[in-house]
Amino acid sequence: MLKGKVAVVTGGTMGIGAGIAKKLHEYGATVVVCARKKAPTKYFFVECDVSNFNSVQTMIKTVIKKFKRIDIFVSNAGIYPFVMLKDMTEQQWDQVINVNLKGAFNCAKAVVPYMLKQKHGRFISTASIAGVSVGFPGLTHYCASKAGIMGFTRALALELAPYKITVNAVAPGAIKTPGATRGITDEKQLQRTIQAIPEARMGRPADIGETVAFLASDASEYITGQTIVVDGGYTDE
C-alpha cells in the first residue's frame, strides 16, 4: 500500500508515534523517526526539536539528502504535562503550545516546499478528542493546542488541495501508552475508564497507526481537511 514511499514521523520512538511508524513500515514505507533525544529504534533516526524551526529544517534537509523525497509527514510529537490553570505558569503554557501547535506549523513550513515540487504529499497531524468535544482538567494548554491543530488542518488543506497534497488529522481517544496511563493510579480507575468506552477497551497505538496508514495511502486521495476520531465510540463526533 505504501511501497516506495518515504515517511517521517515526529515523536516516533515511543507510544502512539512508535505505533504509527510500525504500521507505515508494515505497509511498505521507508520510515524515518524523529525525537528530541536519541532512543532505540530500528528506523532511520534524526534528532529534532519540533518547537525549533531551524531544528526542523535541518531534519528535513537530512532526510531529503538521504532519501531524495518525503511523501508522508506525520506531525505527531506532543507533550501533556498535567497542571491546573491556577498553578500554570506562562512558561508551561508556552512550552505545550510551542511543541504541540507551533511544532505542526514548523513541520509543515519546512516540508511543504518539497511536496510542492513533487506535486504530491500527505501531511497528517495527531490531534486528540481533547480538541474535538471533551475537555480535561489540568490540560487547558493541551486541549487548546489540539483544537488549534484541527483549525490548522482545515485551512492548510484548502491551500494545498490544488497541488495534490492532502492534509488531515487523527484524534485519538484513550490509548494505552505509558504516558497516557500515568495518571491512572489504581485498577478501579482503569476499569471506570474502560467502561466509558463502548468498545470496552483502551485503544492501542496500532489503532492509530492503521488510520494514519490509510490517510497516507492513495485510497484516501479524496479526503482532506478532516479530523478522524479514533476513540472506540467514547465521543459522538
Side-chain angles (χ1 to χ4, degrees), residues 1-2 4-12 16-17 20-21 24 27 29-36 43-78 97-128 131 145-171 208 211-228:
M1 184 167 73
L2 300 175
K5 305 293 186 182
V6 177
V8 176
V9 183
T10 66
I16 288 175
I20 292 170
L24 294 178
Y27 284 116
T30 297
V31 176
V32 178
V33 297
C34 310
R36 284 177 292 179
Y43 310 112
F44 186 77
F45 176 86
V46 184
E47 188 173 312
C48 179
D49 176 1
V50 298
S51 69
N52 183 293
F53 182 64
N54 290 333
S55 179
V56 176
Q57 274 196 317
T58 298
M59 177 270 289
I60 293 294
K61 290 177 181 178
T62 299
V63 177
I64 291 293
K65 183 177 181 180
K66 182 169 181 63
F67 298 106
K68 312 304 180 187
R69 61 187 297 111
I70 297 174
D71 303 284
I72 303 155
F73 195 99
V74 185
S75 177
N76 168 77
I97 298 299
N98 286 342
V99 173
N100 296 4
L101 183 54
K102 186 183 176 184
F105 162 80
N106 286 340
C107 291
K109 184 72 174 174
V111 76
V112 162
Y114 295 97
M115 291 183 172
L116 288 172
K117 290 178 184 178
Q118 296 166 186
K119 297 182 180 179
H120 181 272
R122 299 283 188 265
F123 190 87
I124 304 161
S125 297
T126 301
S128 170
S145 71
K146 293 303 182 178
I149 287 291
M150 294 172 60
F152 180 76
T153 295
R154 288 191 293 267
L156 186 59
L158 298 178
E159 292 186 20
L160 299 181
Y163 306 100
K164 299 188 182 300
I165 301 169
T166 64
V167 184
N168 293 291
V170 178
I208 308 305
T211 306
V212 170
F214 166 69
L215 291 173
S217 74
D218 291 341
S220 68
E221 66 178 354
Y222 201 56
I223 299 173
T224 195
Q226 304 303 307
T227 297
I228 299 179

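Since the model is a prediction, treat every value here as computed from it, not as a measurement. In this chain, numbering begins with 1 at the start of the sequence shown.
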**Report entry** Intermediate values then yes/no, side chain to side chain contact (heavy atoms under 4.5 Å, CB included), Leu160 and Thr166
**Finding:** CA-CA 7 Å; Leu160 299 181; Thr166 64; over 6 Å; no
Requested in this report: Might you point out which heavy atoms bring Cys107 and Phe123 nearest each other, and give the distance in Å?
Outcome: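 In this case the closest contact between Cys107 and Phe123 is C-CE1, 4.0 Å.
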Query raised in the report: Shortest non-hydrogen contact from Tyr27 to Ala213?
Result: CD1-CB, 3.6 Å
Report task. Describe, in one word, how the ring planes of Phe44 and Phe67 are oriented to each other, choosing from parallel (under 30°), tilted (30 to 60°) and perpendicular (over 60°). Result -> perpendicular
Has [X] got a side-chain atom pairing as donor or acceptor with [Y]'s backbone, closer than 3.5 angstrom?
{"X": "Thr10", "Y": "Cys34", "answer": "no"}
{"X": "Gln118", "Y": "Leu116", "answer": "no"}
{"X": "Thr224", "Y": "Val167", "answer": "yes"}
{"X": "Asp71", "Y": "Val6", "answer": "yes"}
{"X": "Asn168", "Y": "Thr227", "answer": "no"}

Report task. Just do the side chain to side chain contact (heavy atoms under 4.5 Å, CB included) check on Thr126 and Ile20 with the steps written out, would you? Result -> CA-CA 10 Å; Thr126 301; Ile20 292 170; 4.3 Å; yes
Query raised in the report: So does Tyr163 have more than 12 non-hydrogen atoms from other groups sitting under 6.0 Å from OH?
Result: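 Result for OH/Tyr163: open.
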Requested in this report: Would you please test Thr62 and Lys65 for side chain to side chain contact (heavy atoms under 4.5 Å, CB included) and show each step?
Outcome: CA-CA 5 Å; Thr62 299; Lys65 183 177 181 180; 5.8 Å; no
Query raised in the report: Under the criterion side chain to side chain contact (heavy atoms under 4.5 Å, CB included), which of Leu24, Ile72, Thr30 is the partner of Lys5?
Result: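 Of the listed options, the one satisfying the test is Ile72.
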Query raised in the report: With a cut-off of under 6.0 Å to the ring centre and 45° to the axis, is Lys117 in cation-pi contact with Tyr114?
Result: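 Lys117 over Tyr114 ring: yes.
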Report task. Please step through side chain to side chain contact (heavy atoms under 4.5 Å, CB included) for the pair Val8 and Met59, ending with a clear verdict. Result -> CA-CA 10 Å; Val8 176; Met59 177 270 289; 4.1 Å; yes
